[in-house]
Amino acid sequence: MHRTSNNDIFFTYLRIQMENSLSHLAHLQTLLQQERKAEAEAYSRALRVDNVSGRVCEADCHYPVELAGWGYNALNQLIATVTYDSTDELDNDFESGHPVAFFHLSPDGQAAEELPYVCFVESYKEGVLQIQLPNPSALKSLQAKAEHTLLGIRVSIDDTSYRVMDEALRAAMRSADEKFVRLRETLIGPLHPRFRALPQISLPWLNEVQCRAVNRAVSAEDVAIVHGPPGTGKTTTLVEAIIETLQRETQVMVCAPSNAAVDWISEQLMRRGIHVLRIGNPLKMSDEMLECSYERRYSAHPDYHELWNIRRTLREGVGEKPSRQRQEQLRRLRNRQTELEIKINADLFEQASVVSCTLIGSAYHIMERRRFSTLFIDEAAQALEPACWAAILKADRVVMGGDHQQLPPTVKSVEALRGGLSTTLMQQVVSTKPECVTLLTTQYRMHRDIMDFSSRWFYHGQLRAAPEVADRLVNLMDTPLTWFDTAAAVDNAVVDNASERGHEHRSRSGSLSNADEARLVVHTLRDYVDMIGEERLVADAVDFGIITPYRAQARMIRRLLKMQRFYRRLRQQVAVGTVDGFQGQERDVILISMVRDNEQGSIGFLGDLRRMNVAITRARMKLIIIGNSETLSHHRFFRSLYEHFQQRGVVVGCQPESNA
């Protein structure tokens with residue numbers, strides 16, 4: 001008779017749990033397909049004539065545009081200069097390196113027809129786009145179309161990301177590598193994180209909890225998480241953890257979901273004297289990081305000149321009928337070319353202490369067969385889980401930094417959202433493996449009264465304001481919190497259109513705006529600037545941020561500001577944007593326009609409280625909210641927030657300005 005041992009029971013349990021992990025990854029594949037389908041359908045819808053005609057400037061589409069010129073950049077790539085009317089411009093999706101497509105209206109005027117080639121954004125500034133064209137024939141096609149019709153340009157779909165994520169999930173499911181399987185089952189399976197017993201590292205320039213986080217990251221055998229609420233120095237802590245890890249390892253990989261986040265942490269490492277090799281499209285890198293890019297370091301290698309000459313000789317030999325002696329010479333040149341390419345590539349990686357790239361960029365061809373003992377993922381709470389697996393496949397252990405109580409990754413498909421695609425890997429590990437998490441608790445950004453509500457609602461009241469910021473104010477006679485309540489003003493508001501009095505308005509693009517509230521925002525900013533005084537404002541470099549959840553409202557506020565004389569002097573000190581655009585930023589004074597104003601108490605995606613956590617934690621010294629308390633207070637969060645302002649600050653009943 002066979003007796004079941006404890007080991008048999010354990011391995012049976014482990015096998016079942018591994019099947020659950022594989023099912024989870026397969027489910028992610030399905031969600032990813034749904035997301036890809038939703039993006040493709042949205043892209044097709046946006047090309048319908050009713051969504052294009054008359055769109056002077058949108059975040060992802062400019063129509064019409066003019067072809068203002070062309071030329072070549074330093075890399076001998078063909079660049080077209082495109083201009084457009086930027087009167088109503090706000091934020092945009094035309095980031096360097098993004099794929100874009102030109103289009104024109106069909107002859108019957110019923111749809112937008114794309115030109116049959118993909119281009120890329122080289123650079124962007126207000127009213128001007130520099131676009132990298134694939135070849136001279138594309139330029140000729142553009143010039144020909146421009147003579148007979150109006151052109152438009154819009155951000156195209158980047159299929160590369162979907163392909164990388166899908167392949168990463170497949171590889172994560174089929175991998176039999178013992179180290180990877182152990183890591184996978186620690187992250188999403190039943191295994192518990194392991195930690196080595198190491199001597200404690202003392203870092204006097206960090207606070208006690210930050211130092212504890214660094215020690216936890218260094219000693220982790222599988223996974224460690226640095227949970228960094230707003231202003232707590234999460235990136236600073238990660239940088240120290242990377243530097244300490246490099247005392248024990250020769251090289252690490254550092255990733256983040258966006259190029260901006262990769263550049264930011266890479267720049268901090270460079271300033272500490274760390275040799276960084278930045279992998280990715282140079283068009284998507286900051287100017288400072290270009291010097292560290294693979295391409296720039298490749299061309300600066302001592303052997304590159306010989307390689308360039310060989311490549312030129314081989315290009316010149318294309319199409320000729322070489323003699324036997326010439327064939328042998330070309331064969332030797334090709335062999336030497338391969339030798340040099342391998343040597344230069346090997347040298348670049350051997351010299352680097354940190355290899356940095358986006359999560360998707362970790363699948364770049366020059367990263368094939370590269371492995372790292374440690375992977376650091378910054379802003380992990382904004383990364384889709386499938387993207388994380390692309391990088392994790394190359395590592396033995398993972399250290400993640402981020403805050404899952406701030407903005408989640410963007411998911412466009414309602415089905416994929418409901419299925420859990422926006423739930424990040426970091427969020428799952430925090431929930432199931434709390435022993436590997438260190439919560440940073442001292443914040444160095446906000447006045448204590450600005451911080452306190454976020455601390456109580458999102459972080460169990462554990463945050464503390466550092467003494468140097470706890471009581472800091474713009475003006476000693478001021479309060480850190482003010483709420484301008486428009487609820488009492490609805491019936492008496494003076495507006496341009498009486499049918500929209502005091503209420504939100506949905507634009508054709510689906511975004512909401514509130515004209516009365518926009519005017520009140522501008523009026524409030526003007527009054528606050530007058531209170532501080534222009535001399536003080538300039539001398540102390542006091543800066544302002546105007547945040548709203550809706551692009552249409554931000555566009556309206558920016559348009560109103562441009563008509564104000566005081567704004568012309570302060571343009572460099574006032575930023576207007578959506579909540580998403582302000583992630584990772586901070587300002588001395590923040591004004592938030594809530595927009596929502598209706599009898600039903602409908603607040604739409606303001607109900608994503610993580611988005612509001614970002615908005616209310618951008619302010620250093622002054623937070624001003626402008627909104628209708630009656631509409632917002634239908635939700636418990638906003639009711640509590642309003643009460644917090646009543647207790648700690650000032651609530652003002654007001655009427656919107658008619659001529660702000």
Side-chain angles (χ1 to χ4, degrees), residues 13-14 16-32 34-35 165-166 168-173 175 180-195 213 216-217 220-229 234 238 255-257 261 359-360 362 374-411 413 415-440 458-460 608-610 613:
Y13 168 76
L14 183 60
I16 292 172
Q17 293 300 317
M18 286 179 62
E19 289 174 359
N20 291 339
S21 299
L22 298 180
S23 297
H24 168 73
L25 295 174
H27 178 60
L28 283 177
Q29 274 191 300
T30 301
L31 298 180
L32 203 59
Q34 293 171 346
E35 176 71 359
M165 288 189 285
D166 183 72
L169 291 173
R170 293 178 189 275
M173 285 188 284
S175 176
F180 174 76
V181 171
R182 170 92 203 185
L183 180 57
R184 184 189 70 198
E185 295 307 309
T186 303
L187 290 167
I188 60 173
L191 299 184
H192 290 282
R194 301 167 298 167
F195 295 89
R216 203 67 170 158
E221 291 190 50
D222 310 290
V223 59
I225 289 179
V226 179
H227 181 187
K234 177 261 303 171
L238 275 184
C255 292
L359 293 164
I360 298 300
S362 66
T374 304
L375 162 67
F376 288 86
I377 304 178
D378 195 11
E379 303 297 354
Q382 293 183 55
L384 289 172
E385 183 181 342
C388 290
W389 288 109
I392 293 171
L393 284 162
K394 299 181 179 298
D396 297 331
R397 69 186 195 106
V398 184
V399 178
M400 290 186 273
D403 180 14
H404 54 284
Q405 298 293 359
Q406 295 189 61
L407 287 179
T410 301
V411 175
S413 165
E415 288 180 317
L417 189 65
R418 289 172 179 165
L421 187 58
S422 69
T423 302
T424 64
L425 182 60
M426 176 179 162
Q427 194 173 347
Q428 295 174 65
V429 177
V430 168
S431 175
T432 59
K433 312 289 167 60
E435 63 269 35
C436 71
V437 181
T438 304
L439 173 68
L440 305 182
F458 295 101
Y459 307 106
H460 310 290
D608 183 348
L609 303 184
R610 292 171 295 183
N613 187 34

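Only a predicted model underlies this, so the values are computations on that prediction, with no experimental measurement involved.
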- request: Only counting residues at least two apart or in another chain, list the ones meeting side chain to side chain donor-acceptor pair (under 3.5 Å) with T374.
  value: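 For T374 the side chain to side chain donor-acceptor pair (under 3.5 Å) partners, ignoring immediate neighbours, are E249, R397.
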When you measure from the side chain of [X] to the backbone N and O of [Y], does any donor-acceptor pair fall under 3.5 Å?
X    : Y    : answer
E35  : S413 : yes
H27  : G419 : yes
S175 : A172 : no
S23  : E19  : yes

How close do [X] and [Y] get, counting heavy atoms only, and between which atoms?
X    : Y    : answer
M165 : P386 : CB-CB, 3.7 Å
L183 : A395 : CD2-O, 3.8 Å
A383 : T424 : O-CG2, 3.4 Å
A391 : C255 : CB-SG, 4.1 Å
P409 : A381 : CD-O, 3.6 Å
A387 : L359 : O-CB, 3.5 Å

Measuring only between side-chain heavy atoms, which start at C-beta, is [X] closer than 4.5 Å to [Y]?
X    : Y    : value
I377 : V399 : no
V226 : L440 : yes
K394 : L375 : no
P229 : Q405 : no
D403 : H227 : yes
Q428 : E385 : yes
N613 : L407 : no
P408 : D608 : yes

[atom2] on [Y] to [atom1] on [X], rounded to 0.5 Å:
X    : Y    : atom1 : atom2 : result
F195 : E221 : CZ    : CD    : 9.0 Å
L22  : L169 : CG    : CG    : 11.5 Å
L187 : M426 : CG    : CE    : 12.5 Å
L384 : L28  : CG    : CG    : 9.5 Å
T432 : Q427 : OG1   : CD    : 11.0 Å
L31  : L417 : CG    : CG    : 10.0 Å

message: Applying side-chain contact (heavy atoms from CB on, under 4.5 Å) to T186 and H192, what does each step give before you reach the verdict?
response: CA-CA 6 Å; T186 303; H192 290 282; over 6 Å; no
- request: Count the heavy atoms belonging to other residues, nucleotides or ligands that lie under 6.0 Å from CD of E415, then report whether that count exceeds 12.
  value: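 Result for CD/E415: open.
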query: Which is it for R610 and Q406 under the side-chain contact (heavy atoms from CB on, under 4.5 Å) test, yes or no, and what are the steps along the way?
result: CA-CA 5 Å; R610 292 171 295 183; Q406 295 189 61; 5.6 Å; no
- prompt: Going by the angle between their ring planes, with limits at 30° and 60°, are F180 and W389 parallel, tilted or perpendicular?
  reply: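 Answer is perpendicular, since the angle exceeds 60°.
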S21 vs E185, side-chain contact (heavy atoms from CB on, under 4.5 Å): CA-CA, chis, key distance, verdict: CA-CA 7 Å; S21 299; E185 295 307 309; 2.9 Å; yes
Among K433, R194, R184, salt bridge (charged side-chain N to carboxylate O under 4.0 Å, His left out) partner for D222: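 Going through K433, R194, R184 one by one, the salt bridge (charged side-chain N to carboxylate O under 4.0 Å, His left out) with D222 is satisfied by R194 alone.
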